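Data block below; observations after.
So that the names make sense, note that chain A is the first sequence line, chain B the second, and so on, each numbered from 1. None of these values were measured; they are calculated from a predicted model.
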2 protein chains.
Amino acid sequence: MPWDLKSDRPIYAQLIEQIELKICSGVYALGSKLPSVRELAQEASVNPNTMQRALAKLEESGLVYANRTEGRYVTEDVEMVRNVKNRLAEDLIEEFLQNMKRLGFSEDEIITVIKKISGGAMNE
Amino acid sequence: MPWDLKSDRPIYAQLIEQIELKICSGVYALGSKLPSVRELAQEASVNPNTMQRALAKLEESGLVYANRTEGRYVTEDVEMVRNVKNRLAEDLIEEFLQNMKRLGFSEDEIITVIKKISGGAMNE
DNA sequence: ATTATTGTATTAACCGGTTAATACAATAAT
DNA sequence: ATTATTGTATTAACCGGTTAATACAATAAT
């Protein structure tokens, strides 16, 4: 899974999202050790400072924690990860519905169209 | 409908989207005259240059056109607007599905959750 | 003991989007 | 004819995110 960063938004914010996603989806398991700042930065092709900034924010929110010279770990708090996952999902859904409605789609139409597309060639 | 611009992405890009939305949803009707650059800029609380930039881009794509000193108009091309609307909807859906899947939701789960939320207190 | 790797911090340069101020030609409105 | 409004253009300043280079203390690995 590539990091696919777009240039139309601050990179550090995108990094936060991507890491949250990886934690929620299990790519980075609960309690597991994260790659080092420098490794992650190289992986994502960004400056270590930028990655550091993203990680610091994630630390604020409690999703990861750092042991000074040992490395960084994903929280063991299952509840917290579940909450983050739910929050992310709700945000995605609300924003999506809002935009579709602005485009002039009704809720029924939205569901119909999603079924059609998600059944189709979407999967890659 | 306010312009609700966020600071985490280039404003001109957001302006383009918002104007596209307003055209697709009929707030700015086909062939109708748009407010002047200065008016629009004031409405959206941005610098006229920034609004001008967004409009210039929309002009490139053909969705609006300018008559030098007369003002700016929405295209009369129904087909074009329909296409834009479909493209915007598809983009929204694809991005949404992609993100939800990354979070670990299956297509069935997505539809279930959308039904639940869209039936609920979403509407404002 | 020495070395390599960890997170962390600092400073300066860079870069693109945004604002600000201003000007101009064309023309609709008066 | 004069005036106001239109889109358009230009230049400089500003600002926040990003990069770059570098350094440091702590400690795991050797």
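Counted by atom type alone, A:Y65 and A:E76 present one or more donor-acceptor pairs between their side chains at under 3.5 Å. There is a side-chain donor-acceptor pair under 3.5 Å between B:Y73 and B:E70.
B:N67 places its CG atom 9 Å from the P atom of C:dA28, with the value rounded to the nearest Å. With rounding to whole Å, B:L55 atom CG is found 13 Å from D:dA9 atom P. Atom CD in A:Q52 sits roughly 14 Å away from atom C1' in D:dA23 (whole-Å rounding). A straight line from OH of A:Y73 to P of C:dT6 spans 11 Å, rounded to a whole angstrom. Summarising the geometry, the separation between CG on A:D8 and C1' on D:dG16 is reported as 16 Å, rounded to the nearest angstrom. Rounded to whole Å, the distance from CZ on A:R9 to P on C:dC15 is 24 Å. As a whole-Å value, the separation of B:L34 CG from D:dT6 C1' is 13 Å. Residue A:R68 contributes atom CZ, which lies 10 Å from atom C1' of D:dT27 at whole-angstrom precision.
A salt bridge is absent between B:E20 and B:K85; no separation between the charged side-chain nitrogens and carboxylate oxygens falls under 4.0 Å. Looking at A:R9 and A:E17, a side-chain N of the basic residue comes within less than 4.0 Å of a carboxylate O on the acidic one, giving a salt bridge.
Contact annotation: A:R72 reaches the phosphate of C:dT8 (side-chain N/O to OP1 or OP2, under 4.0 Å). Side-chain nitrogen and oxygen atoms of B:R53 include at least one within less than 4.0 Å of the OP1 or OP2 phosphate oxygen of C:dG17. Using a 4.0 Å cut-off, no side-chain N or O of B:T50 falls inside it from OP1 or OP2 of C:dG17.
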> Dot-bracket for DNA chain C: what is it, with Watson-Crick or G-U pairs under 3.5 Å, [ ] where a pair crosses earlier ones, and | for a pair to another strand?
Replying inline: ||||||||||||||||||||||||||||||
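Considering only the side chain of A:N49, D:dA21 comes nearest among C:dG7, D:dG17, D:dA21. Of the candidate nucleotides C:dT8, C:dT19, D:dT6, D:dT6 has the atom lying nearest to any side-chain atom of B:T69. Here the nucleotide nearest the side chain of A:P10, chosen from C:dT19, D:dG17, D:dT8, is D:dG17.
Counting only distance, with no hydrogens or angles, the side chain of A:D77 and the backbone of A:M80 share a donor-acceptor pair below 3.5 Å. Counting only distance, with no hydrogens or angles, the side chain of A:Q14 and the backbone of A:K6 share a donor-acceptor pair below 3.5 Å. Judged by distance alone, the side chain of B:T112 and the main-chain N or O of B:D108 form a donor-acceptor pair under 3.5 Å.
Expressed to the nearest 0.5 Å, how far CZ of B:R87 lies from CG of B:L92 amounts to 10.0 Å.
Taken residue by residue, residues 36-48 of chain B places heavy atoms nearer than 4.0 Å to DNA chain D at B:S36, B:V37, B:R38, B:E39.
Between A:E70 and A:A13, it is A:A13 whose nearest contact on DNA chain D lies nearer the 5' terminus.
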> Where do B:E107 and A:K115 land on the salt bridge (Lys or Arg N to Asp or Glu O under 4.0 Å) test, with the steps shown first?
Replying inline: CA-CA 8 Å; B:E107 291 181 356; A:K115 277 183 188 167; over 6 Å; no
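For residues 29-49 of chain A, the pairs satisfying side chain to side chain donor-acceptor pair (under 3.5 Å) are A:W3-A:E43, with sequence neighbours left out.
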